[in-house]
Amino acid sequence: MLRAKKSDYIPMNKNIFLISLLMLLLFSCEDGFVTDCRECATDSIGHVKLKLLMGSIVYDPAYRMVTIYEGAIEDSLILKRFGTDLGYMEIDAMLYKNYTVTLQFVTNGKRYTAIDAACPQVRYDENKCDQPCYYVYDNVIDLRIRYNK
C-alpha cells in the first residue's frame with residue numbers, strides 16, 4: 001500500500017488558503033460604490049429622502065398601514081404612522097440615522113407584516129459622473145411582498 005507523505009498535502013492547503021484569502025479581499029468591499037449619476041447633486045446634498053417601495057395595489061389590498069420607526073424596531077420610537085394606498089412614496093429623512101419601516105395589511109383573512117431598514121449615507125464622487133457630485137445611498141426601503149399563498 002502506498003502512502004503519501006505529510007509534506008505532499010501542504011502545497012494544496014497553501015493554495016486553498018491563498019485562493020480563499022484572495023476571494024475574501026476581492027469581495028469585502030463597502031456597500032454603495034455604484035453611483036447613479038441621475039441622482040447626484042453637484043452643489044450640495046439637499047433634501048434626503050427615504051424611498052419606500054410597497055408594491056402594486058393590484059395584487060395587494062388597497063389600504064395598508066405604514067409605521068416608521070427611528071432606529072431599530074425594538075426601540076419603539078415611532079416617528080409616523082399612516083395608511084396609504086400608494087405603491088411608492090418618499091419621505092424626509094436625515095443622514096446617518098437608522099430607520100425601520102413596517103407595512104401591515106390583511107388579505108384573504110391573513111395578516112402580513114413586511115419590515116425593512118435603512119441608514120441614508122452620502123458619498124462625494126469625483127470620477128464616475130460627468131462632474132463631481134454628492135450621492136445619497138442606502139436610502140431605499142423595500143416592503144414588497146414577493147410571495148403570497
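Residue numbers run from 1 in the order of the sequence given. Please read these numbers as outputs of a predicted model, since none were measured by experiment. Side chains included, hydrogens not; waters and symmetry mates left out as well; all remaining heavy atoms used.
Taken to the nearest 0.5 Å, the OH atom of Tyr135 stands 9.0 Å off from the CZ atom of Arg38.
When all heavy atoms are compared, the tightest approach of Tyr124 to Pro132 is OH-CB, 3.1 Å. In this structure, Arg81 and Met65 approach most closely via the heavy-atom pair CG-SD, 3.4 Å.
Just one residue in the list Leu143, Ile73, Asp116, Ile141 forms a side chain to side chain contact (heavy atoms under 4.5 Å, CB included) with Thr102, and that residue is Ile73. Test Ile91, Val122, Leu95 against Val48 for side chain to side chain contact (heavy atoms under 4.5 Å, CB included) and you get one pass: Leu95.
In the hydrophobic clustering of ILVMFWY residues, with side-chain heavy atoms under 4.5 Å counting as a link, Leu103 and Leu79 come out together. Linking ILVMFWY residues whenever their side-chain heavy atoms come closer than 4.5 Å, directly or via other members, leaves Leu52 and Tyr69 in distinct clusters. Placement of Tyr88 and Leu50 in two distinct hydrophobic clusters is found when ILVMFWY residues are connected by side-chain heavy-atom separations under 4.5 Å, directly or transitively.
Residues Asp125 and Tyr134 have side chains not in contact (no heavy-atom distance under 4.5 Å, counting atoms from C-beta outward). Here the side chains of Val101 and Thr67 are not in contact, with every heavy-atom distance at 4.5 Å or above. Looking at heavy atoms from C-beta onward, Tyr99 lies in side-chain contact with Met94 at the 4.5 angstrom threshold.
Judged purely by distance below 3.5 Å, without hydrogens or angles, the side chains of Gln104 and Arg111 pair a donor atom with an acceptor atom.
At least one donor-acceptor pair under 3.5 Å links the side chain of Asn139 to the backbone N or O of Lys49. Formation of a donor-acceptor pair under 3.5 Å by the Asp142 side chain with backbone atoms of Arg144 is found in this model. Between the side chain of Asp75 and the main chain of Leu77, no donor-acceptor pair closer than 3.5 Å is present. In this structure a side-chain-to-backbone donor-acceptor pair under 3.5 Å is present from Arg64 to Leu86.
With sequence neighbours excluded, the residues satisfying disulfide bond (SG atoms under 2.5 Å apart) with Cys129 are Cys37.
Looking at Glu39 and Lys51, a side-chain N of the basic residue comes within less than 4.0 Å of a carboxylate O on the acidic one, giving a salt bridge.
Between Phe105 and Tyr112, the ring-plane angle classifies as parallel under the 30° and 60° cut-offs.
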Met89 and Met54: CA distance, side-chain angles, deciding distance, side-chain contact (heavy atoms from CB on, under 4.5 Å) verdict: CA-CA 8 Å; Met89 68 184 336; Met54 295 175 280; 3.7 Å; yes
